[in-house]
Number of protein chains: 2
Amino acid sequence: MQSGFTRQQASTLSGLSCRQLDYWRKTGLVSPQHQTAGGHSRYGFVDLVVLRAAKRLLDADISLQRIRKCLQSLMRFLPASEHPLAELSLVVTGDVVLVFHGERAFDALTGQEWVFPIAELAAEVEKLQQPQPRQGELFVAEKKLGVRA
Amino acid sequence: MQSGFTRQQASTLSGLSCRQLDYWRKTGLVSPQHQTAGGHSRYGFVDLVVLRAAKRLLDADISLQRIRKCLQSLMRFLPASEHPLAELSLVVTGDVVLVFHGERAFDALTGQEWVFPIAELAAEVEKLQQPQPRQGELFVAEKKLGVRA
DNA sequence: AAATGACAAAAAATGGACTTCTTGTCATTT
DNA sequence: AAATGACAAGAAGTCCATTTTTTGTCATTT
């Protein structure tokens with residue numbers, strides 16, 4: 001076994017057409033990791049993972065242009081992280097792709113992150129619901145110190 | 001303490017204007033849980049949680065029309081679930097709102113769910129990378145049984 | 001086999017006009 | 001105070017025409 005997957009192999013294994021692979025390479029979406037001396041493509045392991053991910057996204061009706069932007073973000077995680085892929089998930093919904101890494105969720109496109117637990121809101125409301133504090137002493141202390149006023 | 005929060009209180013506690021509360025009630029987005037004998041609003045605990053959630057979504061530039069649809073989905077979880085709010089989170093990104101409940105992620109709007117771990121893709125590729133099976137016997141068995149052909 | 005180029009069909013994005021929805025403000029009623 | 005109604009500005013959604021992107025197919029080259 002040599003250095004990587006040929007175009008044909010990559011196509012078969014990813015479910016993408018050779019035409020797509022060519023176009024994607026030409027437009028910089030997924031470029032094969034190596035080349036042969038003769039200038040032929042050799043796709044690497046990470047390439048294949050990316051190609052399969054892209055295929056899934058396409059199947060989920062995510063447009064290529066969106067995938068283009070998302071993969072840029074995904075790529076940052078893929079080769080980099082220590083526990084690389086195990087803790088990494090994609091959530092696809094509507095036309096948004098999220099990258100989950102542990103507890104955090106990033107919009108693969110914007111990099112924006114915003115998660116908030118409902119329990120937090122409920123706790124806030126619950127606190128407001130009882131202006132009479134349970135811990136009387138603390139309340140008194142606050143009044144004395146003028147924390148609330 | 002009586003039955004609930006007045007409009008004014010709900011407004012103050014949620015950060016929404018009375019105008020918004022009125023309009024939202026009129027259009028059925030969030031209706032106060034009870035009414036007084038005189039026909040005045042009394043917002044309940046869950047109402048307040050929902051109002052605060054809505055306020056946050058608005059602050060995140062989610063349009064009211066989208067919130068309208070999302071809350072319908074969120075509402076299903078809120079009063080229903082056993083471990084109600086503790087395991088519930090919202091992820092807001094771009095113009096999509098996801099409801100997280102345990103391991104699952106639902107598009108709050110469509111209800112669609114699709115999560116996939118990258119590790120899975122990597123494992124698939126890894127398997128393909130070695131056409132020589134590690135378990136020789138199994139491979140032979142498959143050939144014998146014609147499973148692959 | 002793989003890369004490249006050319007042509008065309010299909011899919012997706014963009015931009016603008018138009019409509020609907022939200023919200024503030026103010027007056028009136030209950 | 002709260003509800004209701006009226007007016008208007010701004011925000012957001014919809015629809016349609018136009019442009020760009022993506023992909024298949026086929027021929028040619030390396």
Side-chain angles (χ1 to χ4, degrees), chain A residues 2-43 47 51 54-55 57-72 92 94-97 109-110, chain B residues 2-44 47 51 54-72 92 94-97 109-110:
Chain A
Q2 234 225 38
S3 44
F5 300 97
T6 67
R7 183 182 68 162
Q8 185 57 58
Q9 288 175 318
S11 166
T12 302
L13 299 180
S14 66
L16 297 161
S17 69
C18 289
R19 181 69 177 83
Q20 285 174 305
L21 262 41
D22 287 345
Y23 181 63
W24 294 11
R25 176 167 50 77
K26 180 183 169 191
T27 54
L29 181 55
V30 179
S31 300
Q33 207 169 20
H34 328 300
Q35 287 195 343
T36 64
H40 284 193
S41 296
R42 286 296 180 274
Y43 289 89
D47 292 334
L51 288 176
K55 178 59 163 65
L57 295 177
L58 278 180
D59 290 343
D61 289 320
I62 307 294
S63 78
L64 193 70
Q65 291 178 53
R66 196 171 299 269
I67 293 175
R68 238 171 238 290
K69 295 174 190 162
C70 292
L71 284 195
Q72 292 172 3
V92 182
D95 50 4
V96 167
V97 178
L109 203 151
T110 64
Chain B
Q2 235 225 40
S3 44
F5 301 97
T6 67
R7 183 183 67 162
Q8 184 58 57
Q9 288 174 317
S11 166
T12 303
L13 298 180
S14 66
L16 297 161
S17 70
C18 289
R19 182 68 177 83
Q20 284 174 306
L21 261 42
D22 288 346
Y23 181 63
W24 294 10
R25 176 168 50 77
K26 180 182 168 192
T27 55
L29 180 56
V30 178
S31 300
Q33 205 168 23
H34 328 301
Q35 286 195 342
T36 64
H40 283 193
S41 296
R42 287 296 181 273
Y43 290 89
D47 293 333
L51 289 176
K55 178 60 162 66
R56 287 233 199 168
L57 295 178
L58 278 181
D59 290 343
D61 289 321
I62 306 295
S63 79
L64 193 69
Q65 291 179 54
R66 195 170 300 269
I67 293 175
R68 238 172 238 288
K69 295 174 190 162
C70 291
L71 284 194
Q72 291 173 3
V92 182
D95 49 4
V96 167
V97 178
L109 204 150
T110 64

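Quick note: numbers below take in every heavy atom, side chains included, and nothing from hydrogens, waters or symmetry partners. The chains referred to below are lettered A, B, ... by the order of the sequence lines, with proteins before strands, and numbering in each begins at 1.
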How long is the line joining [atom1] of [X] and [atom2] of [N], in whole Å?
| X | N | atom1 | atom2 | result |
| --- | --- | --- | --- | --- |
| B:Lys26 | C:dT22 | NZ | P | 11 Å |
| A:Tyr23 | D:dC26 | OH | P | 21 Å |
| B:Tyr43 | D:dA1 | OH | C1' | 14 Å |
| A:Ile62 | D:dT21 | CD1 | C1' | 17 Å |
| A:Asp59 | D:dT23 | CG | P | 12 Å |
| A:Leu57 | D:dT22 | CG | P | 14 Å |
| B:Gln9 | D:dA2 | CD | P | 8 Å |
| B:Leu64 | D:dA11 | CG | C1' | 11 Å |

Nearest to side-chain heavy atoms of [X], which nucleotide of [options]:
| X | options | value |
| --- | --- | --- |
| A:Arg25 | C:dT23, C:dT4, D:dT22 | C:dT4 |
| B:Ser63 | D:dG13, C:dA12, C:dA2 | D:dG13 |
| B:Gln20 | C:dA2, C:dG24, D:dT22 | C:dG24 |
| A:Asp22 | C:dT4, D:dA2, D:dG13 | C:dT4 |
| A:Trp24 | C:dA13, D:dT23, C:dT22 | D:dT23 |

Nearest nucleotide by nearest heavy atom, which residue falls closer to the 5' end of DNA chain D, A:Cys18 or B:Lys69?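 Upstream on the strand: B:Lys69.
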Suppose we call a contact any N or O donor and acceptor under 3.5 Å apart; does that hold for the side chain of B:Arg19 and the base of C:dT22?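 Absent.
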Starting at the 5' end of DNA chain C, which residue's closest nucleotide do you reach first, B:Gln65 or B:His40? B:Gln65
Distance check: side-chain N/O of [X] vs OP1/OP2 of [N], anything under 4.0 Å?
| X | N | value |
| --- | --- | --- |
| A:Arg7 | C:dA3 | yes |
| B:Ser41 | D:dA3 | yes |
| B:Thr6 | D:dA2 | yes |
| A:Ser17 | D:dG24 | yes |

Looking at C:dA8, which nucleotide sits across from it as a Watson-Crick or G-U wobble partner, both distances under 3.5 angstrom, or is there none?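 Answer to the pairing question: D:dT23, which forms a Watson-Crick or G-U pair with C:dA8.
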D:dT29 pairs with, by Watson-Crick or G-U criteria that keep both distances under 3.5 Å: C:dA2
If we only count heavy atoms from C-beta on, is the [X] to [Y] side-chain gap below 4.5 Å?
| X | Y | result |
| --- | --- | --- |
| B:Asp47 | B:Phe5 | no |
| A:Leu64 | A:Gln20 | no |
| A:Trp24 | A:Leu16 | yes |

Please identify which of these residues, B:Thr6, B:Leu21, B:Asp22, meets the side chain to side chain contact (heavy atoms under 4.5 Å, CB included) condition with B:Ser11.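 When side chain to side chain contact (heavy atoms under 4.5 Å, CB included) is applied between B:Ser11 and each of B:Thr6, B:Leu21, B:Asp22, only B:Leu21 qualifies.
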Quick check: closest heavy atoms across B:Gly4 and B:Gln9, and the distance to 0.1 Å?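 Minimum heavy-atom separation between B:Gly4 and B:Gln9: O-OE1, 3.9 Å.
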Rounded to the nearest 0.5 Å, how far does CG of B:Leu71 lie from CZ of B:Arg66?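 Answer rounded to 0.5 Å: 13.0 Å.
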